[in-house]
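The figures here come from the full heavy-atom set of this structure, side chains too, leaving out hydrogens, waters and symmetry mates.
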Amino acid sequence: MDLHVSWDEYNRLVERLALIVDDSGFKFNQIICVARGGLRVGDVLSRIFEMPLAILSTHSYTSEGGTIRGELVIAEHMTMTKPRLGDRVLLVDDMVDSGHTLEAVHNELPRRFPHLTALKTAVLWWKGCSVFKPDYYVEHLPLNPWIHQPFEVYDTLRPDELRSRISG
């Protein structure tokens, strides 16, 4: 079973996530997005909440067209515009699939940043097979579908093909 998501659906999910977080009453002063999947979610939430965005890159999908999980690598450094990370963090990603990435990042952040006093997680999709349950999510997917997101067309689109497509 696959789930195909359009740009309109994707944007509505991000907006719904913003309201879920807001309705929770969680007061945070920093958003960290897990790149790459969480980049779009983090960007929109940082705009809606007027909070600084930090970007933490991770990588684990390494073979079979990005469908087989390899060793998880969490970047040593985070990109952020403030000299110090906030102490109340909302950690965002697009989904919790296996849960290994979000769990590892969630466990690693307090070790790297001992000044953290609160850390909560927010995602669009939480799959039933996950070993980690996010604090906030829009959709729980107990049947674990493969999610086709609207930006995936760029995974295989190369400049020559793009040039041909645009020029008609």
What distance separates [X] [atom1] from [Y] [atom2], expressed to the nearest 0.5 Å?
X      : Y      : atom1 : atom2 : value
Asp93  : Cys33  : CG    : SG    : 8.5 Å
Leu91  : Leu56  : CG    : CG    : 8.0 Å
Thr121 : Leu109 : OG1   : CG    : 11.0 Å
Ile32  : Leu53  : CD1   : CG    : 9.0 Å
Leu119 : Phe26  : CG    : CZ    : 7.5 Å
Asp155 : Gln149 : CG    : CD    : 10.0 Å

Taking side chain to side chain contact (heavy atoms under 4.5 Å, CB included) as the definition, give me every residue that meets it alongside [X], ordered by chain and number, with sequence neighbours left out.
X      : answer
Val131 : His100, Glu103
Asp2   : His4, Trp146, His148
Ala35  : Leu39, Ile55, Ser57

Qualifying salt bridge (charged side-chain N to carboxylate O under 4.0 Å, His left out) pairs with a residue from residues 116-129, counting only residues at least two apart or across chains: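 Matches after skipping sequence neighbours: Asp97-Lys127.
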Summary of salt bridge (charged side-chain N to carboxylate O under 4.0 Å, His left out) pairs that have at least one residue in residues 40-49, sequence neighbours excluded: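 For residues 40-49, and leaving out neighbouring residues, the salt bridge (charged side-chain N to carboxylate O under 4.0 Å, His left out) pairs sorted by first residue read Asp43-Arg47.
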Contacts of Phe132 that satisfy ring pair (Phe, Tyr, Trp, His ring centres under 6.0 Å) - sequence neighbours left out: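 In terms of ring pair (Phe, Tyr, Trp, His ring centres under 6.0 Å), with neighbours along the sequence ignored, Phe132 is linked to His106.
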Common cluster, [X]/[Y], ILVMFWY with side-chain heavy-atom separation under 4.5 Å:
X     : Y      : result
Met80 : Phe28  : no
Leu3  : Met1   : no
Val34 : Ile31  : no
Val92 : Val96  : no
Val89 : Leu102 : yes

Ser24 versus Tyr136, side-chain donor and acceptor atoms under 3.5 Å: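 Yes.
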By salt bridge (Lys or Arg N to Asp or Glu O under 4.0 Å) - contacts of Arg111 (at least two apart):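 Arg111 satisfies salt bridge (Lys or Arg N to Asp or Glu O under 4.0 Å) with Glu108 only.
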Partners passing salt bridge (Lys or Arg N to Asp or Glu O under 4.0 Å) against Arg158 (at least two apart in sequence or in another chain):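 Per chain and number, Arg158 pairs via salt bridge (Lys or Arg N to Asp or Glu O under 4.0 Å) with no residue.
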Cut-off 3.5 Å, no hydrogens considered: what does the side-chain donor-acceptor table look like for residues 161-168, sequence neighbours left out?
residue: Arg163; atom: NH1; partner: Asp160; partner atom: OD1; Å: 3.1
residue: Ser164; atom: OG; partner: Asp160; partner atom: O; Å: 3.2
residue: Ser167; atom: OG; partner: Arg163; partner atom: O; Å: 3.0
residue: Ser167; atom: OG; partner: Ser164; partner atom: O; Å: 3.3

Closest approach of Gly37 to Tyr10 (non-hydrogen atoms, all atoms of both residues):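 Heavy-atom minimum between the residues: O-OH, 4.1 Å.
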For Val123 against Pro134, the heavy-atom pair lying closest together: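 In this case the closest contact between Val123 and Pro134 is CG2-CG, 3.7 Å.
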Summary of side chain to side chain donor-acceptor pair (under 3.5 Å) pairs that have at least one residue in residues 75-88, sequence neighbours excluded: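 Every pair satisfying side chain to side chain donor-acceptor pair (under 3.5 Å) with a residue in residues 75-88: Asn29-Asp87.
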Residue pair Val73, Thr58: steps toward the side chain to side chain contact (heavy atoms under 4.5 Å, CB included) verdict: CA-CA 5 Å; Val73 176; Thr58 65; over 6 Å; no
Asp94 (side chain) donor-acceptor with Gly38 (main chain) under 3.5 angstrom: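 No, the answer is negative, given that no donor and acceptor are paired below the 3.5 Å cut-off.
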Leu90 side chain reached by Gln30 side chain, heavy atoms, under 4.5 Å: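 Gln30 vs Leu90: side chains apart.
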Check: Met95 and Ile147 side chains under 4.5 Å, non-hydrogen atoms: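 Yes - at least one pair of side-chain heavy atoms lies under 4.5 Å apart.
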Listed pairs under 3.5 Å, donor-acceptor, residues 13-22 side chains, sequence neighbours left out:
none

Please tabulate, for the side chains in residues 137-145, all donor-acceptor contacts under 3.5 angstrom to protein atoms that are two or more places apart in sequence or on a different chain.
residue: Glu139; atom: OE1; partner: Trp125; partner atom: NE1; Å: 3.3
residue: Asn144; atom: OD1; partner: Gly128; partner atom: N; Å: 2.9
residue: Asn144; atom: OD1; partner: Cys129; partner atom: N; Å: 2.7

